[in-house]
Amino acid sequence: MTIRVYNTLTRKKSVLKPIKYSEIKVFVCGITPHDYSHIGHAKTYVQFDFIVKYLRFKKYKVFYLQNVTDIDDRIIERARSEKKAWLETSRYYEAEFLKNMKDLHVDSVDKYARATEFITQIVGQVKTLLRKGYAYKTDDGYYFDLSKFPDYGKLSGRTVLEAEDSVSRIDESINKKNKSDFCLWKFSKKDEPSWDSDIGSGRPGWHIEDTAITEHFFGPQYDVHGGARDLIFPHHEAEIAQMESASGKKPFVRYWLHTGFLNVKNTKMSKSLGNFITISEILRKYDYKVLRYFYLSKHYRSPIDFSDELLEQSKNSLERLNGFAINSRGKKSKLKKSFLLKTKKSFYNALDDDFDTPKAFSILFEFIRKANKIGPNNDCYLFLKEINQFLDILSFEQEKIPENIIIFAEKRLEARNKKDFIQADKIRKQINSLGYLIEDLNNDYKLKKKT
Ligand SMILES: [Zn+2]
């Protein structure tokens, strides 16, 4: 049971060794519910859902924790523009997000922890940082003093902002000692939400909620922290500064795993750029399994360039997998057990090597090509059933094509065989007008529903 992961902190792959034998504590940065979640967010959450399910399949006991930044500048702003209370806006988009996750079968998270439900822990951590000399007070709140933490930048390899970094405006203050110092606790302005505490009435900075929440559930050191790439700097860098200063224990997180962006025409999909498609929108067009396969067909660390063509390709690949599963079910054949075992071994080796799904899928499709020639059998079906436990991409059903469409297609094949291309073309148009597409194969055809 050896799994290797690429660790952003060490910049290399190493064997995943949990702190406690066979128990893995995973934290992934959650959403800030100020708008509908888009398919770029879904990429990270589907990929971590698969990773956690795969670890559980490998018999690890995983506790998967995710936060919800349920108070933030962007929520306050959005609530104002919607003429609603911040809490109403925050809870509305959170509920929409949770519904999206349910629809995508992202159901591996053990606990969603809201920042506002951990105010005591957050204030406690700020006080520890103050006591140890890592934090200071200004007119507008408490800040982390980066001149006291020379390790700042060890995760990202830099200390200055770049264009694609996710930032929080709460950190902008003219009263800071150093340019990059970030906010731990912000004194609330009039008509802003605030929580009373003995360090003054205010609200938490963005970074501190994560370390307060993880310290509460996991203690000062844990196994895996995940998130999208744009969170590495300054967000995850700030988390390291806070927790390692507060506890003195290093490294705060043993393995940092980051997902690549979802791009549209080579630009990252984001709210601020306005080039986003919401999860609900895409699920109206495609089955959740198509979307899951689309994400998993690429390596989690790689970017994906979104396009309808790629989703169509994913749909076709899934049809092939489902077709193969159906043809295998209950069948006997000459296919050798050793051939399947060899395939399984290389399939799982690929996944054990930093969850290399593209490699695993190519091994699977290569196997299917060969197995189709020999004749697939029930063992192949059982193998697909097994991997679907953590992939969740197969329905084991094939799309039903209505009888009248098949009759048209048969007539068209007859016309083509007689080289009556005018008639064949006419029938093709009839099939199209009934909502189906026909693809010509050698003395055969393939039908599919238009999307
Ligand atoms: Zn976070």
(message) With no hydrogens and no angle check, just 3.5 Å: does a side-chain donor-acceptor pair link Thr259 and Gln47?
(response) no
(message) With rounding to the nearest 0.5 angstrom, report the NE2 to CD1 distance, His38 to Ile282.
(response) 12.5 Å
(message) Side chains of Tyr36 and Tyr92 only: does a donor on one sit below 3.5 Å from an acceptor on the other?
(response) yes
(request) Check Val46 against Val106 and note the closest heavy-atom contact, atom names and distance. (result) CG2-CG2, 3.9 Å
(request) Please confirm whether the backbone N or O of Leu155 pairs with a side-chain atom of Arg11, one donor and one acceptor, at under 3.5 Å? (result) yes
(request) May I ask you to decide whether Arg80 forms a salt bridge with Asp191, counting only side-chain N to carboxylate O separations under 4.0 Å? (result) yes
(request) Look at the aromatic rings of Phe50 and Phe355 and report parallel, tilted or perpendicular, splitting at 30° and 60°. (result) perpendicular
(request) Give a yes or no answer on whether the side chain of Ser166 reaches the backbone of Leu231 with a donor-acceptor pair at less than 3.5 Å. (result) no
(message) Under a 3.5 Å distance rule, please check whether Lys61 uses its side chain to pair with a backbone N or O of Ser22 as donor and acceptor.
(response) no
(request) Mind checking the CD-OG spacing from Glu309 to Ser314? Nearest 0.5 Å is all I need. (result) 11.5 Å
(message) I need the minimum non-hydrogen distance between Gly40 and Leu262, along with the two atoms involved.
(response) CA-CB, 3.8 Å
(message) For His41 and Asn100, which I'm curious about, is there any donor-acceptor pair between the side chains at under 3.5 Å?
(response) no
(message) Under a 3.5 Å distance rule, please check whether Lys43 uses its side chain to pair with a backbone N or O of Tyr300 as donor and acceptor.
(response) yes
(request) Applying side-chain contact (heavy atoms from CB on, under 4.5 Å), run through Lys189 and Ile76 and close with a yes or a no. (result) CA-CA 12 Å; Lys189 293 189 196 115; Ile76 297 171; over 6 Å; no
(request) Salt-bridge test for Asp73 and Arg203: reply yes if a basic N is under 4.0 Å from a carboxylate O, no otherwise. (result) yes
(message) Do Ser168 and Phe182 make a side-chain contact, defined as non-hydrogen atoms from C-beta onward lying under 4.5 Å apart?
(response) no
(message) Taking Lys127 first and then Asp198, would you say they form a salt bridge - that is, a charged N and a carboxylate O separated by under 4.0 Å?
(response) yes
(request) State the CH2-CG distance between Trp256 and Leu9, to the nearest 0.5 angstrom. (result) 8.0 Å
(message) Please check: side-chain N/O of Lys137 versus main-chain N/O of Ile199, any donor-acceptor pairing under 3.5 Å?
(response) no
(request) Begin from the C-alpha positions of Asp305 and Lys298 and carry the test salt bridge (charged side-chain N to carboxylate O under 4.0 Å, His left out) through to its verdict. (result) CA-CA 10 Å; Asp305 216 15; Lys298 287 269 163 24; over 6 Å; no
(request) Could you check whether the rings of His235 and His207 sit parallel, tilted or perpendicular, using 30° and 60° as the cut-offs? (result) tilted
(request) Inspect the contact between Arg74 and Asp35 and indicate whether a charged nitrogen and a carboxylate oxygen are less than 4.0 angstrom apart. (result) no
(request) Flag the pair Asp110 and Arg56 as a salt bridge only when some basic side-chain nitrogen lies within less than 4.0 angstrom of an acidic carboxylate oxygen. (result) yes
(message) Assess, by modelled atom type and distance only, whether the side chains of Asp181 and Tyr136 contain a donor and an acceptor separated by less than 3.5 Å.
(response) yes
(message) Under a 3.5 Å threshold, yes or no: a donor from one side chain and an acceptor from the other, between Gln125 and Glu215?
(response) yes
(request) Would you indicate whether Arg229, at its atom CZ, is surrounded by more than 12 heavy atoms from other residues, nucleotides or ligands within a distance under 6.0 Å? (result) no
(message) For Tyr222, does the six-membered ring have the charged nitrogen or CZ of Lys25 within the cation-pi criterion, i.e. under 6.0 angstrom from the centroid and within 45° of the normal?
(response) no
(message) If you apply the rule side-chain contact (heavy atoms from CB on, under 4.5 Å), what do you find for Leu335 with Asp379, and how did you get there?
(response) CA-CA 9 Å; Leu335 191 130; Asp379 290 336; over 6 Å; no
(request) Kindly state each residue pair satisfying salt bridge (charged side-chain N to carboxylate O under 4.0 Å, His left out) with at least one member in residues 144-156, sequence neighbours excluded. (result) Asp145-Lys148, Asp145-Lys177, Asp151-Lys154, Asp151-Lys250, Lys154-Glu244
(request) Report yes or no: does Arg292 contribute a side-chain atom to a donor-acceptor pair with the main-chain N or O of His105 at less than 3.5 Å? (result) yes
(message) Looking at Pro18, is its backbone amide N or carbonyl O close enough to the side chain of Asp223 to form a donor-acceptor pair, meaning the two atoms are under 3.5 Å apart?
(response) no
(request) Mind running salt bridge (charged side-chain N to carboxylate O under 4.0 Å, His left out) on Glu319 and Lys315 for me, showing each step along the way? (result) CA-CA 6 Å; Glu319 273 170 25; Lys315 214 175 141 187; 5.0 Å; no
(message) Can you confirm whether the side chains of Asn178 and Tyr143 place a donor and an acceptor under 3.5 Å from each other?
(response) no
(request) Locate the shortest heavy-atom distance separating Leu291 from Leu104; write the atom from each residue and the value. (result) CD2-CD2, 3.6 Å
(message) Here's one to test your reading of the geometry: is the NZ or CZ of Arg301 within 45 degrees of the ring axis of Tyr6 and under 6.0 Å from its centre?
(response) yes
(request) Using the six-membered ring wherever Trp is involved, compare the ring planes of Phe347 and Phe390 and label them parallel, tilted or perpendicular (cut-offs 30° and 60°). (result) tilted
(request) Determine whether Tyr54 and Val62 make a side-chain contact, defined as any pair of heavy atoms from C-beta on separated by less than 4.5 Å. (result) no
(message) Before we go on, tell me: are the rings of Phe144 and Tyr152 under 6.0 Å apart, centre to centre?
(response) no
(request) Can you see which heavy atom on Ser197 is nearest to which on Val123, and at what distance? (result) CB-CG2, 3.7 Å
(request) Might you confirm whether atom NZ of Lys17 has over 12 heavy atoms from other residues, nucleotides or ligands at distances under 6.0 Å? (result) no
(request) Could you pull out the closest heavy-atom pair between Asn275 and Lys268, with the gap in Å? (result) ND2-O, 3.3 Å
(message) Nearest 0.5 angstrom please: Leu283 CG to Glu281 CD, how far?
(response) 10.5 Å
(message) Taking Arg369 first and then Glu366, would you say they form a salt bridge - that is, a charged N and a carboxylate O separated by under 4.0 Å?
(response) yes
(request) Look at Asp140 together with Lys186 and state whether they make a salt bridge at an N to O cut-off of under 4.0 Å. (result) yes
(request) Could you tell me whether the side chain of Glu96 and the main chain of Ser37 form a donor-acceptor pair under 3.5 Å? (result) no
(message) Quiz question: by atom type and distance under 3.5 Å, do the side chains of Ser90 and Asp70 form a donor-acceptor pair?
(response) no
(request) Mind checking the CG-OG spacing from Asp356 to Ser302? Nearest 0.5 Å is all I need. (result) 8.5 Å
(message) Can you give me the closest heavy-atom contact between Cys29 and His225, atom names plus distance?
(response) SG-CE1, 3.6 Å
(request) Verify the ring-centre separation between Phe187 and Tyr142: is it less than 6.0 angstrom? (result) yes
(message) Checking the side chain of His34 only, and the main-chain atoms of Glu77 only, is there a donor and an acceptor separated by less than 3.5 Å?
(response) no
(request) Using the side-chain contact (heavy atoms from CB on, under 4.5 Å) rule, take Leu55 and Leu16 through it: C-alpha gap first, then chi angles, then the decisive distance, then the call. (result) CA-CA 11 Å; Leu55 292 173; Leu16 178 65; 4.0 Å; yes
(request) Could you please spell out the steps behind the side-chain contact (heavy atoms from CB on, under 4.5 Å) verdict for Ile368 and Asn372? (result) CA-CA 6 Å; Ile368 288 176; Asn372 272 333; 3.5 Å; yes
(request) Check whether any side-chain N or O of Thr159 sits under 3.5 Å from a backbone N or O of Gly153 as a donor-acceptor pair, and report yes or no. (result) no
(message) Please report the interatomic distance OH(Tyr60) to OH(Tyr21), rounded to the nearest 0.5 Å.
(response) 8.0 Å
